[in-house]
Number of protein chains: 2
Amino acid sequence: MVPTAKSRRWEPRRLSAVAVELPDGVAPKGTPGRILLAGLRLFAELGFHGTSIRDLGGAAGINSATLYAHFPSKEHILAELVLLGHEEMLRRLRRAVVGSSADPVDRLRALVAAHVSVHTDFPLLALVANAELHALSAERAAPALALRTEAQELALGVVQHGVDAGVFHVPDVWLATAAISAMGVRVASWFGAGQPYDREQVVETYAEFATRIVGADGPGKEQT
Amino acid sequence: MVPTAKSRRWEPRRLSAVAVELPDGVAPKGTPGRILLAGLRLFAELGFHGTSIRDLGGAAGINSATLYAHFPSKEHILAELVLLGHEEMLRRLRRAVVGSSADPVDRLRALVAAHVSVHTDFPLLALVANAELHALSAERAAPALALRTEAQELALGVVQHGVDAGVFHVPDVWLATAAISAMGVRVASWFGAGQPYDREQVVETYAEFATRIVGADGPGKEQT
DNA sequence: GTCTATACACAGATAGAC
DNA sequence: GTCTATCTGTGTATAGAC
């Protein structure tokens with residue numbers, strides 16, 4: 001009894017409340033685009049291994065065999081989505097840092113706002129990029145992992161910048177960065193699913209939490 | 001080309017660095033226990049749908065057919081692990097709250113210490129309980145979801161307690177609780193995987209971050 | 001580009017001997 | 001309880017017509 005999209009009635013992630021879409025300008029048009037949107041929804045909902053190529057074809061409005069006229073394999077569809085997700089993330093984080101002032105608090109707030117807003121704007125893409133990357137072979141995961149490393153170093157640099165300036169006071173830079181990152185990543189799991197919060201409220205609140213985590217609101221926050 | 005445990009060479013979660021174990025006293029002995037440990041490792045590594053019953057039997061040292069002498073289906077194995085994970089979590093959170101003083105900061109620190117330490121002590125169990133629950137039918141996921149709801153309400157209560165006492169100052173209780181919870185949940189994804197931090201360091205640091213998030217270190221933390 | 005039809009491996013699960 | 005052997009459905013992917 002292999003569960004399929006058809007037999008599954010229950011949706012723990014409540015994706016129906018979330019728009020199925022990709023960042024403007026980066027998604028292909030026509031059938032390849034519809035295939036990617038189908039993968040976005042189904043991989044987020046059922047997971048890569050829980051989605052069959054017949055599920056994908058059905059959701060894209062084509063026969064499953066037609067998928068192979070556009071992608072060499074099911075795994076290539078996931079790889080494309082995972083890469084798009086990581087590219088959008090890194091693009092926004094870079095833009096935030098470059099566009100911010102040298103003030104450590106401003107820069108951190110800009111970084112966190114960008115990070116959180118990617119998860120509110122494209123929760124499905126963030127979910128697939130994070131939770132389904134493990135289903136890719138090492139070879140096909142590598143491009144996304146390289147972008148992920150860059151994003152992590154960017155974030156670490158922002159926190160370290162504040163520490164060096166004497167504005168941030170944290171027990172450990174890596175742990176503080178991990179904590180701030182974790183807040184944002186989880187947003188994709190609940191945003192839009194019947195929650196009362198809008199995008200700006202979440203972004204602003206989490207930016208505030210990040211400044212609190214790094215102890216930027218005042219002195220004397222070092223761990224004793 | 002269905003990827004299987006045998007053909008997979010790459011391990012993004014680096015589970016080899018993490019002990020495969022269940023909480024003392026709650027795991028069955030003998031073959032059922034070995035089956036659960038096999039499921040713990042493989043479901044965390046490959047996901048429920050990425051793991052075959054032959055993978056499970058091989059990891060447990062038995063023929064795949066023998067699985068059915070102990071569990072009615074593959075899904076029942078996952079259901080048991082997911083339930084064990086949620087039970088352990090709720091048990092520890094309750095113990096922490098009951099054993100803490102009425103002081104809001106003490107109570108929050110105890111709660112976060114318990115939450116984080118579950119993820120450092122049993123990272124695989126936490127990973128499976130969180131990331132693979134979606135593979136269960138509604139019927140079999142229900143018991144764990146009920147425990148999850150209780151745990152969430154427990155955490156919300158602890159934060160609300162501090163707000164009511166005038167000790168915590170947060171823009172929103174639910175968002176603050178979600179942020180604190182997110183920090184802990186993510187620990188399971190990296191703890192032990194070649195990181196230099198030990199259990200106590202992570203627990204203590206994240207407890208400190210939680211008190212900062214709720215603005216308990218001083219006045220004037222309200223969102224403006 | 002899209003379809004129908006199909007190849008062939010593997011999935012979950014069962015029967016029955018020991 | 002554990003095994004060997006096997007059933008049956010589904011999986012990914014391909015061939016070839018339109």
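Proteins come first, then strands; the chains are lettered A, B, ... in the order of their sequence lines, and each starts at number 1. Since we're looking at a predicted model, the values are computed, not measured.
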Length of the NZ-P vector between Lys74(B) and dC10(C), whole Å | 15 Å
In whole angstrom, give the distance that lies between atom CG of Leu67(B) and atom P of dA15(C).
-> 16 Å
Indicate whether OP1 or OP2 belonging to dG11(D) is found under 4.0 Å from a side-chain N or O atom of His49(B).
-> no
Would you mind reading off the distance between Leu56(A) atom CG and dT10(D) atom P, rounded to a whole angstrom?
-> 17 Å
Who passes side-chain contact (heavy atoms from CB on, under 4.5 Å) against Ala144(B), sequence neighbours left out?
-> Val82(B), His86(B), Leu133(B)
Using a cut-off of 4.0 Å on non-hydrogen atoms, how would the nucleic acid contact of Ile53(B) be classed: base, sugar-phosphate, or nothing?
-> base
Taking OP1 and OP2 of dA11(C), is either one under 4.0 Å from a side-chain nitrogen or oxygen of Ser52(B)?
-> yes
Residues forming a side-chain contact (heavy atoms from CB on, under 4.5 Å) with Glu153(B), sequence neighbours excluded = Thr149(B)
dA13(C) C1' sits how many Å from His70(B) NE2, rounded?
-> 15 Å
Pairing residues for Pro28(B) by the side-chain contact (heavy atoms from CB on, under 4.5 Å) criterion, not counting sequence neighbours | Pro32(B), Leu36(B)
side-chain hydrogen bond (donor to acceptor under 3.5 Å, both in side chains): which pairs involve residues 56-71 of chain B, sequence neighbours left out?
-> none
d(CD1, Ile62(B); P, dC3(D)) in whole Å = 7 Å
Give the ring-plane orientation class for Tyr206(B) versus Phe209(B), where under 30° counts as parallel, over 60° as perpendicular and anything between as tilted.
-> tilted
Rounded distance in Å - CZ (Phe71(A)) to C1' (dT12(D)) | 16 Å
Quick one: is dA13(C) close enough that its OP1 or OP2 comes under 4.0 Å of any side-chain N or O from Tyr68(B)?
-> yes
Any residue meeting side-chain contact (heavy atoms from CB on, under 4.5 Å) with Ala113(B), in chain and number order, not counting sequence neighbours = Val203(B)
Grab the N/O contacts between the protein and nucleotides 4-8 of chain D below 3.5 Å, and write none if there aren't any.
residue, atom, partner, partner atom, Å
dT4(D), OP2, Asn63(B), ND2, 3.2

